[in-house]
Visitor: 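One structure follows; several queries about it will come next.
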Amino acid sequence: MSSGLMSENGSSGLDSTAKRLWPFFSIGTEERVLTKLRSGNLAAMHIDPIIDEAEQLLTSTLSPGSRAIFCGSGTDALLSAYFALNLDADAEVLVPTNTFRATVTPMMLLGLRPVLCDSTPYSGGIDLVDAERRVTSKTQAIVVTHLWGHPVDMHAVMALARKFSLRVLEDCSHAHGACWQGRSVGTFGDAAIYSLGTTKMVSGGKAGVLFTSDTEIYDRALIFGQPKHRATAHLNDASLKPFTESGFGVNLRGSPLAAILVIDHLQRLQETIAIKNKNLAKFEAVMSPALPELVCPKRDERWTHGTWYKYQTRWVDSVLSRDTLVMTLRSAGMRVSKPEKGLHHLPLFQYPEILQGRPLGTAPLCDPRAYLVTDALLEELVTWDTRDLYDEDNDVVNRYAEMFTIVASQLDPRRAVVMK
Ligand SMILES: Cc1ncc(COP(=O)(O)O)c(C=O)c1O
């Protein structure tokens with residue numbers, strides 16, 4: 001990738017590790033955006049050839065064999081998916097508590113009841129043993145998130161789904177290009193979604209996509225989120241035609257400008273994955289000797305790594321707190337943070353009556369004390385913003401090496417003081 005062909009974005013302050021921060025786009029793409037902008041045809045009300053092109057490339061790159069619906073965000077794609085799955089009004093849905101809120105919250109608007117499940121240690125994905133314990137006669141679906149690009153064991157998920165006749169939705173928002181035992185994530189379940197927003201490995205700034213090979217799910221997602229022209233043109237089941245005109249009160253169409261950006265990233269996804277993984281290996285090679293208490297994520301040989309989106313390490317020092325570490329890393333110039341808490345700590349799951357008139361009732365949806373593995377894991381993790389690792393730039397790793405040396409030299413005397 002020649003930097004002469006790419007646009008630059010600035011970096012300052014805590015961002016000083018990178019020449020360029022992800023997402024960046026080719027000059028050709030910037031020109032294409034400008035051309036589209038000047039065309040004045042931006043609403044994608046009708047079938048837009050750019051969205052068509054993006055959907056075809058999304059399918060061939062991420063989810064061969066299925067069909068794509070380009071949406072305004074990953075959250076939009078999730079809302080479409082929950083409508084499209086056509087579950088009973090009071091159905092229960094098994095979901096990970098260790099995920100981004102939008103994996104779960106859109107279903108609540110539709111009256112579906114999320115059943116938060118604990119996590120497996122280390123990878124942090126949904127714990128299927130805990131999930132099975134929470135199955136009731138009302139359970140109709142399971143949702144998994146391939147968190148931080150670590151694929152969930154999809155063979156085990158599908159076995160559980162078969163045992164209890166559950167629909168399966170995969171949230172692949174962190175896992176563009178990742179595989180479970182050689183097969184792309186998102187191609188195992190009934191439907192899959194990806195966020196294509198913010199700093200994701202395929203980013204349209206703000207966009208998302210729903211994939212499915214199930215005609216009923218596809219049709220219902222169309223009439224729900226893509227009313228009128230798109231739904232009318234692509235619907236398979238003629239009995240749903242009467243609903244294409246009205247829609248259901250939402251407009252979840254993606255923007256063609258975002259589609260142009262997404263096409264850029266899809267065209268060089270494999271190259272981006274290779275660079276990111278190479279940079280992460282170098283990053284680990286300078287971090288581990290300096291800070292051996294900062295443990296790299298465990299690799300599973302059944303994963304093929306795609307994105308790593310953000311990267312998480314565990315802090316296992318018995319003397320110095322994670323707060324001290326994070327503060328010291330940040331003051332040395334590194335972009336790190338503590339992860340957010342599990343969803344079971346969010347007030348929405350304690351006070352569902354806020355969703356007035358919905359059938360979720362007033363009783364708390366979970367016992368926040370029942371997610372011990374997730375809580376323990378999230379207490380140890382340090383999240384790295386890896387936007388500076390998408391470029392062939394050896395300097396960035398050298399700068400990390402310098403910063404780690406500084407941090408180690410600052411932490412050692414503090415450790416000595418605490419141990420006295
Ligand atoms: C796992 C996961 N699911 C869903 C979403 C929602 O995507 P969006 O921000 O595009 O609405 C995100 C966003 O970061 C996410 O991380």
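Because the structure is predicted, anything quoted here is derived from the model rather than measured. Position 1 is the first residue of the sequence, and the numbers go up from there. Counting starts at 1 for both ligands and their atoms, following the listed order. Excluded from the calculations below are hydrogen atoms, water molecules and symmetry mates; all remaining heavy atoms, backbone and side chain alike, are included.
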Visitor: Would Ser66 and Ser213 count as a side chain to side chain donor-acceptor pair (under 3.5 Å) if you check the C-alpha gap in whole Å, the side-chain angles of each, and the deciding distance to 0.1 Å?
Guide: CA-CA 4 Å; Ser66 56; Ser213 50; over 6 Å; no
Visitor: Please tabulate, one line per pair, the protein N or O atoms found under 3.5 Å from any N or O atom of ligand 1, giving the distance to one decimal.
Guide:
from: ligand 1; atom 1: 3 (N); to: Asp171; atom 2: OD1; distance (Å): 3.4
from: ligand 1; atom 1: 3 (N); to: Asp171; atom 2: OD2; distance (Å): 2.6
from: ligand 1; atom 1: 3 (N); to: Ser173; atom 2: OG; distance (Å): 3.4
from: ligand 1; atom 1: 7 (O); to: Ser195; atom 2: OG; distance (Å): 3.3
from: ligand 1; atom 1: 10 (O); to: Gly74; atom 2: N; distance (Å): 2.8
from: ligand 1; atom 1: 10 (O); to: Ser195; atom 2: OG; distance (Å): 2.7
from: ligand 1; atom 1: 11 (O); to: Gly74; atom 2: N; distance (Å): 3.3
from: ligand 1; atom 1: 11 (O); to: Thr75; atom 2: N; distance (Å): 2.9
from: ligand 1; atom 1: 11 (O); to: Thr75; atom 2: OG1; distance (Å): 2.5
from: ligand 1; atom 1: 14 (O); to: Lys200; atom 2: NZ; distance (Å): 2.8
from: ligand 1; atom 1: 16 (O); to: His174; atom 2: NE2; distance (Å): 2.7

Visitor: I'd like to check Lys276 versus Met201 (side-chain heavy atoms, cut-off strictly below 4.5 Å). Are they in contact?
Guide: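 Answer yes - side chains close enough.
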Visitor: What's the shortest heavy-atom distance between Pro339 and Gln312, and which atoms?
Guide: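 Heavy atoms of Pro339 and Gln312 come nearest at CB-NE2, 3.7 Å.
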Visitor: Taking the six-membered ring for Trp, is the centroid-to-centroid distance between Phe211 and Tyr194 below 6.0 Å?
Guide: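 Here the rings of Tyr194 and Phe211 have centres that are less than 6.0 Å from each other.
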Visitor: Within the 4.5 Å heavy-atom criterion, are Glu30 and Leu34 side-chain neighbours or not?
Guide: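 A side-chain contact is absent here, since even the closest heavy-atom pair is not under 4.5 Å.
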Visitor: Considering residues, nucleotides and ligands other than Lys282, do more than 12 of their heavy atoms fall under 6.0 Å from its NZ?
Guide: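 Count over threshold, so yes.
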